[in-house]
Amino acid sequence: MRANHSTVFIAGAGHSGSTLLGLILGSREDAFYAGEAAKTRFLGDLRKPERKRVCKLCGPGCPIWGDFRVAPEPDLYEQLSRRTDRGWVIDSTKAVDWLKRQTNQVRRGGGRPILIFLQRDGRAVLNSRLRKYPERSAATLIDQWRDKMRETQQFYDAFEGTKLGLRYEELATRPKETVEALCQAIGMNFEPAMLNFGDHVHHVLGGNNGTQWQVTKETGWVKLTDRTRPYYGDHPKGIVLDLRWRDELDAQALSLFEERAGRDNEPFAWEVP
């Protein structure tokens, strides 16, 4: 009998809140948030930086990832369900090639793949990426976001099975109602305690340091940098809408975004009520 009955894939562009959503869903007692499960290919590979091949929350001694190696069969998510004794697995890898392979693998194994297309105002994504990659041009980052959203939309449209689009801004401003509706749509029982994701134990590969820091604070493997500490160091516990782009993006970057991706962003543009 298959242990993994459902695998939730969170697709979209990076810096759109997938770590937050994954931690929330993975806070159910019968669910496991793997993080970016594509990074399982780095486990045990000493040629890779340590941060890419260990659990982001508890390091190399992780009881889940410490000695985990992916076997050819059964599929990755079945192996994780057996190891964690949890029937739900959540994967926030964004690469569409990975999503195609893994959703097909889950189907072949008799599991149920679920696709969530997580969407965020592209201007917010651009701001986050400019902060993280100041050496890259705004034009390059804008084009990468636009192309990623188009590719993901095509995959989403063709996907057969349970799927839904979800706005990061809705999740951050109406977390209870949004997560409750999401759980109902995918067949997961909603528990209010899921929203208190920082109170639960997680074992995650990859993902956003700032969001993960809310789980471990100074006691864990994740550390804040000079770039992230000013915001996350004083971040209140829980779910907060991040609209830093409104103050940080300059007029030139905003104009360039509208020129290169404004039309693509129309369905995702978020205006404060």
Side-chain angles (χ1 to χ4, degrees), residues 2-10 14-15 17-95 98-99 101-102 105-106 109 111 132 188 191 193-225 228-229 232-233 235 237:
R2 185 177 175 88
N4 169 251
H5 58 71
S6 298
T7 303
V8 180
F9 295 90
I10 305 174
H15 300 274
S18 60
T19 299
L20 172 63
L21 179 58
L23 290 170
I24 291 171
L25 295 178
S27 293
R28 268 196 57 86
E29 60 181 11
D30 60 350
F32 175 70
Y33 175 43
E36 297 170 355
K39 286 185 169 56
T40 52
R41 66 190 187 278
F42 299 151
L43 294 174
D45 187 350
L46 299 181
R47 298 169 298 178
K48 299 296 181 182
E50 190 172 41
R51 60 183 173 79
K52 289 190 174 184
R53 54 181 170 83
V54 300
C55 173
K56 288 284 297 295
L57 301 182
C58 57
C62 177
I64 303 299
W65 299 115
D67 61 351
F68 185 86
R69 299 295 180 269
V70 182
E73 295 292 342
D75 65 68
L76 168 62
Y77 310 99
E78 174 67 2
Q79 293 171 57
L80 287 173
S81 284
R82 293 181 182 181
R83 190 172 183 89
T84 62
D85 195 28
R86 299 177 185 181
W88 292 81
V89 176
I90 299 94
D91 179 3
S92 59
T93 303
K94 313 298 185 305
W98 170 269
L99 294 171
R101 289 196 304 271
Q102 298 304 319
Q105 179 74 15
V106 169
K132 185 174 182 179
M188 174 185 280
E191 297 175 354
M194 296 166 64
L195 302 178
N196 301 319
F197 62 89
D199 296 337
H200 300 264
V201 176
H202 300 276
H203 302 285
V204 180
L205 297 178
N208 181 273
N209 280 3
T211 306
Q212 293 165 353
W213 194 78
Q214 293 187 62
V215 178
T216 64
K217 298 297 184 183
E218 298 290 357
T219 63
W221 189 258
V222 173
K223 302 298 181 184
L224 297 181
T225 65
T228 57
R229 184 170 294 278
Y232 287 105
H235 197 283
K237 186 176 182 181

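Hydrogens, waters and symmetry mates play no part in the numbers below; they use all other heavy atoms, side chains included.
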message = How long is the straight-line distance from OG of S92 back to CG of L20, given to the nearest 0.5 Å?
response = 11.0 Å
query = Side chain of W65, backbone of L43: donor and acceptor closer than 3.5 Å?
reply = no
Verdict with supporting geometry, L76 and V89, side chain to side chain contact (heavy atoms under 4.5 Å, CB included) = CA-CA 10 Å; L76 168 62; V89 176; over 6 Å; no
query = At their closest point, which heavy atom of G44 faces which heavy atom of R69, and how far apart are they?
reply = CA-NH2, 3.4 Å
ask   = How about D199: does its CG atom have over 12 heavy atoms from other parts shown lying under 6.0 Å from it?
value = yes
note = Interatomic distance, CZ@F9 vs OG1@T93, rounded to 0.5 Å, equals 8.5 Å
message = The test is side chain to side chain contact (heavy atoms under 4.5 Å, CB included); show your working for I90 and Y77 and say whether it passes.
response = CA-CA 9 Å; I90 299 94; Y77 310 99; over 6 Å; no
Criterion side chain to side chain contact (heavy atoms under 4.5 Å, CB included) on N209 and K56, from CA distance to verdict = CA-CA 8 Å; N209 280 3; K56 288 284 297 295; 2.7 Å; yes
message = Between N208 (side chain only) and T19 (backbone N and O only), is there a donor and an acceptor less than 3.5 Å apart?
response = no
ask   = Are side-chain heavy atoms of K48 and K39 found at a separation under 4.5 Å?
value = no
query = Any donor-acceptor pair under 3.5 Å linking the side chain of Q79 with the backbone of A71?
reply = yes
key: L205 side chain reached by F42 side chain, heavy atoms, under 4.5 Å   = no
inquiry  = I'd like to know whether H202 forms a side chain to side chain contact (heavy atoms under 4.5 Å, CB included) with S27, so could you lay out the CA-CA distance, the side-chain angles of the two residues, the decisive distance to 0.1 Å, and finally the verdict.
reply    = CA-CA 8 Å; H202 300 276; S27 293; 3.3 Å; yes
key: Donor-acceptor contact present, side-chain R28 to main-chain M194, <3.5 Å   = no
note = Value for CG (D30) from OG1 (T84), rounded to nearest 0.5 Å, stands at 10.0 Å
N4 backbone acceptor or donor facing R2 side chain under 3.5 Å = yes
ask   = Would you find a donor on one side and an acceptor on the other, under 3.5 Å apart, between the side chain of S6 and the backbone of W88?
value = no
message = Checking Y33 now: which residues fulfil ring-ring contact (aromatic ring centres under 6.0 Å, His included) with it, not counting sequence neighbours?
response = none
pair V215-V222: side-chain heavy atoms closer than 4.5 Å = no
request  = Output the distance between atom CD1 (I64) and atom CG (L80), rounded to the nearest 0.5 Å.
outcome  = 8.0 Å
ask   = Backbone N or O of A193 within a donor-acceptor pair of the H200 side chain at under 3.5 Å?
value = yes
ask   = Is the backbone of D75 close enough, under 3.5 Å, to the side chain of Q102 for a donor and an acceptor to pair up by distance?
value = no
task = Go through the structure and list residues passing ring-ring contact (aromatic ring centres under 6.0 Å, His included) with F197, not counting sequence neighbours.
result = none
message = Restricting to non-hydrogen atoms, name the atom on S81 and the atom on R86 that form the minimum distance, rounded to 0.1 Å.
response = OG-O, 2.8 Å
Separation between CZ of R83 and CD of E78, rounded to the nearest 0.5 Å = 14.0 Å
Flag side-chain contact, heavy atom, 4.5 Å: E36 against K52 = no
